Amino acid sequence: MGGCVSRNSRSFGGKRTRKTFSDQVTAFQHSSSAPNRIFANGKSRSSCIYTQQGRKGINQDAMIVWEDFMADDVTFCGVFDGHGPHGHLVARKVRDTLPVKLFSYLDSYESKKNRSATCICGNVDSGLDGGDGEEEKPELLWREAFLKSYKAMDKELKSHPNLDCFCSGSTAVTIVKQGSNLFVGSIGDSRAIMASKDINDSLVAVQLTVDLKPDLPKAERIKKCRGRVFALQDEPEVHRVWLPFDDAPGLAMARAFGDFCLKEYGVISIPEVSHRILTERDQFIVLASDGIWDVLSNEQVIEIVSSAPTRASAARLLVDSAAREWKSKYPTSKMDDCAVVCLFLDGKMDSESDNEEHGFSSTLQSNAGESDDGQNPEPYLQRNATVRSSEEHSGGLIREQNDIVLETKGETSLGVSEDQNWSGLEGVTRVNSLVQLPRFSEEQPRT
């Protein structure tokens with residue numbers, strides 16, 4: 001089943017090499033692009049991605065698919081939704097840096113084993129030997145890798161000399177597929193779902209993550225840390241995080257990268273991590289920012305992607321459908337940014353003729369010459385509107401939602417109960433994620 005990555009035999013881009021992980025990490029850290037990595041609108045061997053700017057200003061969403069991530073059967077995918085004055089920069093920084101940190105952690109782990117053929121990608125038959133001589137399960141290694149990488153990412157943002165993340169931040173929903181193993185890590189309200197066939201061969205939506213909102217039981221730590229959680233009168237369904245001494249910033253999520261003005265008051269960047277074994281009934285995975293989930297249910301998303309004329313067009317079709325729903329459901333609201341990653345689990349895409357007929361390139365999309373937004377700018381859109389339209393404050397964007405851990409067939413997986421639909425519908429997240437920036441006086445200095 002799963003393969004392993006060793007110093008002697010594993011490869012990048014399908015070619016055998018004797019380069020160590022350290023060699024690869026160093027190369028990626030000093031290169032603006034890596035093999036088989038896309039983050040602009042387009043497609044790869046097994047996925048398609050698409051983002052569209054909303055009506056609130058600059059596109060603060062970012063996305064990535066990195067095939068042959070550490071070996072020829074490993075794929076990394078992520079969607080990041082920025083918020084705040086510098087949210088677009090935070091989202092792109094996380095997109096570019098987080099996978100490298102994940103890679104680096106596994107490199108460090110391998111180096112500590114001090115042997116020539118250490119398996120780190122989860123082969124049950126050739127698993128890792130723990131320090132106590134027992135086999136270490138791959139899900140435990142990957143869980144630790146996600147936790148350490150997210151922690152290191154947030155630490156780097158805090159100390160970054162040119163990126164102010166005090167009142168800006170980003171969500172993250174990330175997956176690593178290695179053979180039949182699927183590992184998921186997420187913070188904030190960007191969501192991952194999977195389409196799977198039931199006993200009648202009908203596609204059903206399986207939610208892989210839960211939107212992490214401040215009113216969840218797990219978020220009680222915010223109140224214990226002197227943070228305040230309450231909803232405004234004109235949006236009673238949207239719970240927000242407020243400073244103890246100021247009605248700001250009103251962050252609509254319990255976990256995020258950045259947002260350091262709230263980190264000592266209970267907002268954290270620790271991801272919810274889950275693992276599941278994929279089966280032949282599992283068809284595709286969709287990662288998206290809340291611009292999609294605000295107006296489309298999980299079931300609608302599965303139906304739209306599965307009915308796309310070509311797989312390469314699925315992500316764009318989903319964004320176009322969300323745009324129409326925004327106009328229909330919320331004609332007086334500004335459409336949010338949308339970013340979508342569709343990963344097809346059989347590893348197949350369309351034929352050359354199908355792609356050309358529908359106007360999609362048949363080659364791996366190049367990121368050269370891409371704008372910072374990952375797309376061509378739309379000239380008719382206005383400046384970034386990072387606060388609620390009814391107020392005249394300068395501010396930023398974020399969101400919120402829920403989390404539950406389920407035990408399924410002996411495997412730990414993050415999901416939701418069958419009788420609950422943890423969606424961001426009914427206007428829960430169509431407002432901006434921050435109400436306003438905090439005002440720090442001499443009595444309450446910024447620390």
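Quick note: numbers below take in every heavy atom, side chains included, and nothing from hydrogens, waters or symmetry partners. In this text the structure is predicted, and so the values were computed from the model without any measurement.
- No donor-acceptor contact under 3.5 angstrom links the side chains of Asp81 and Thr171, judged on distance only.
- Around CD of Glu303, the count of heavy atoms belonging to other residues, nucleotides or ligands within 6.0 Å does not exceed 12.
- Remark: Arg37 does not engage Glu67 in a salt bridge, criterion side-chain N to carboxylate O under 4.0 Å.
- Using a 4.5 Å heavy-atom cutoff, the side chains of Leu243 and Tyr265 are in contact.
- In this structure the side chain of Val204 never reaches within 4.5 angstrom of the side chain of Glu299, judged on heavy atoms.
- Just one of Ile49, Val173, Ile64 meets the side chain to side chain contact (heavy atoms under 4.5 Å, CB included) condition when paired with Val79; it is Val173.
- Under the 3.5 Å distance criterion, with hydrogens and angles disregarded, a donor-acceptor pair is assigned to the side chains of Thr174 and Tyr150.
- Residues Leu102 and Phe76 have side chains in contact (heavy-atom distance under 4.5 Å, counting atoms from C-beta outward).
- Under the side chain to side chain donor-acceptor pair (under 3.5 Å) rule, Thr51 has a single partner from Asp337, Asp61, Asn59, which is Asn59.
- Relative orientation of the Trp142 and Phe146 rings is tilted, given thresholds of 30° and 60° on the angle between their planes.
- Lys224 pairs by the side-chain contact (heavy atoms from CB on, under 4.5 Å) definition with nothing, not counting sequence neighbours.
- Residues Phe183 and Ser274 are not in side-chain contact: their nearest non-hydrogen atoms beyond the backbone lie 4.5 Å or more apart.
- Of the candidates Val184, Leu287, Ile193, Val184 is the only one forming a side chain to side chain contact (heavy atoms under 4.5 Å, CB included) with Thr209.
- Side chain of His160 to backbone of Leu163: a donor-acceptor contact under 3.5 angstrom is found.
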